[in-house]
Trainee: 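Got a structure for you, questions after.
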Amino acid sequence: MTQISVFDGHNDLLLALWRSNDLDGSSFISGRDKGHIDLPRCKAGNLSGGFFAVFVPAATVAPESFWSRHPELVQGDIKKNKHKRSDNLLNTAPISQAYAYVATIEMMDIAHQLAKQHSDKVQICTNINNIEKGIEDKKIALLLHIEGAEAISADLHELEVLYDKGLRSIGPVWSRKNIFAEGVNFTFPSTPDQGSGLTEVGKELVRFCNKKQILIDLSHLNEAGFWEIANMSDMPLIATHSNVHDLCPSPRNLTALQLAAIAESNGIVGLNFGIGFLHFEGKRDRFLSLDTMCRHLDALLEVLGEEGVALGSDFDGIEVSDHIADCSGLPNLITAMKKNGFDDKLIKKICSENWLQFIKKTLS
Ligand SMILES: [Zn+2]
């Protein structure tokens, strides 16, 4: 088995643990009987760490236990729709700031519980020094990210609290509208050119993140918002988990012009493993060939160069090919990359070095 390790641009483990009421993350340590990520499988697949997202789903998707812990939040739409519980993670209905904030804190606290109770196995990281040290000590390095900034209100004051809890990366939107910007939907085929750009508060958020050294992730953002951030942000552009629109015309993927703008800023795109974001007809083909993932990598490399391409699996948030199945299958992707002519030096850059170099440049 290959020993090349992976530092991944995006996963939804914390959401999965929260939804299964595992508030201290113990099933991550012992092993989960479902999902894509746990410690035994990280070890098997050489997943050394990555961006661990906090994503707050539609209120109907939150576990019943959440509302029991927070009866004060059960009012208005939540009260009316409580009986409509569902597992539809793709529900793009807006969510309230009060619900989003409490759920975000709970998910971040799962990460903190893990790091506290299993300090020899898990570490929350905020810069390259503690990431490299964590990896050296064989701990899983968690860089905390929020996917959709609904937890933050217009005066941005929650950002300080979240920063103090280790937050270092923000996607202003998931695939729904909020007070900052608009996200793309999942219609296939379609373009990301849908909806309006950043609001004034959205621009404030970008300026604040630049000042505070919080990364801004463009995945899920619509084109109008993308171009505004491209024009105003001081930082190189990143899309942590998006693919190539020319090869799979999902609005979640990046057009040739967007890729060129990311390249020009010396930014990075992380390859999303979601089969629906890879297949040229958007088919959720469980047996999707890993060669298809290599074709997306080829196209990204052509525009972004060897330092601009990384991975952003989206594990625990999407369906992956059975040829990978979960994070223990990462070596299969590496084998496919070798078969497709990628040399070890390039594979190491894509699998971890590019994200680590980027973090070194941008987070102090
Ligand atoms: Zn996502």
Side-chain angles (χ1 to χ4, degrees), residues 7-19 35-37 50-58 61 87-95 100 103-104 107-108 111 142-151 167-178 180-188 190 192 194-195 214-223 225-226 229 237-245 248 250-254 258 262 267-279 282 284 293 296 300 310-321 324 326-327 355:
F7 188 89
D8 187 29
H10 188 92
N11 74 63
D12 288 303
L13 170 77
L14 297 173
L15 168 69
L17 295 174
W18 181 74
R19 289 185 69 213
H36 296 144
I37 298 185
F51 292 68
F52 281 65
V54 168
F55 166 64
V56 183
V61 183
D87 287 322
N88 180 16
L89 278 171
L90 299 184
N91 181 342
T92 55
I95 58 173
T104 295
M107 283 186 244
M108 286 179 102
L142 274 59
L143 186 79
L144 293 175
H145 166 84
I146 58 174
E147 181 168 34
E150 280 86 352
L167 181 76
R168 290 296 181 276
S169 172
I170 292 183
V173 284
W174 178 67
S175 289
R176 64 188 164 209
K177 191 174 177 173
N178 63 24
F180 304 105
E182 287 190 40
V184 291
N185 62 29
F186 298 103
T187 309
F188 190 98
S190 181
Q194 39 181 273
I214 298 173
L215 306 178
I216 300 164
D217 179 14
L218 301 175
S219 288
H220 288 276
L221 192 61
N222 66 357
E223 271 213 68
F226 176 99
I229 292 182
L237 305 175
I238 54 169
T240 59
H241 59 304
S242 294
N243 296 333
V244 180
H245 193 271
C248 170
S250 160
R252 275 285 287 107
N253 289 339
L254 298 157
Q258 288 179 305
I262 295 172
I268 292 194
V269 175
L271 180 78
N272 189 311
F273 296 8
I275 47 183
F277 302 137
L278 289 160
H279 191 281
R284 297 192 175 194
M293 296 177 76
H296 279 263
L300 292 172
L311 303 180
S313 68
D314 217 347
F315 278 143
D316 280 322
I318 38 74
E319 294 168 79
V320 303
S321 165
I324 293 182
D326 56 42
C327 72
W355 276 134

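Order of appearance sets the numbers: ligands from 1, and atoms from 1 within every ligand.
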Trainee: Which heavy-atom pair separates Ile318 from Ser313 by the least distance, and what is that distance?
Mentor: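 Where Ile318 meets Ser313 most closely, the heavy atoms are CD1-O, 3.6 Å.
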Trainee: Under a plain distance cut-off of 3.5 Å, with no hydrogens placed, do Glu147 and His10 share a side-chain donor-acceptor pair?
Mentor: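 Result is yes, a qualifying pair exists.
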Trainee: Mind checking whether Val56 and Glu150 have side chains closer than 4.5 Å, heavy atoms only?
Mentor: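 No, too far: nothing below the 4.5 Å cut-off.
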Trainee: Side-chain contact test, heavy atoms from C-beta onward, threshold under 4.5 Å: evaluate it for Ile238 versus Ile262 and give yes or no.
Mentor: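 Side chain of Ile238 against side chain of Ile262, heavy atoms only: no contact under 4.5 Å found.
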Trainee: Mind checking whether Asp316 and Asn11 have side chains closer than 4.5 Å, heavy atoms only?
Mentor: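 Not in contact.
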Trainee: If you leave out waters, which protein N, O or S atoms are less than 2.8 Å from the Zn ion (ligand 1)?
Mentor: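 Listed by chain and number, the nearby protein N, O or S atoms are Glu147 OE2, His220 NE2, His241 NE2.
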Trainee: How far apart are the closest heavy atoms of Pro172 and Asn178, and which atoms are they?
Mentor: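 In terms of heavy atoms, the two residues are closest at O-ND2, 2.8 Å.
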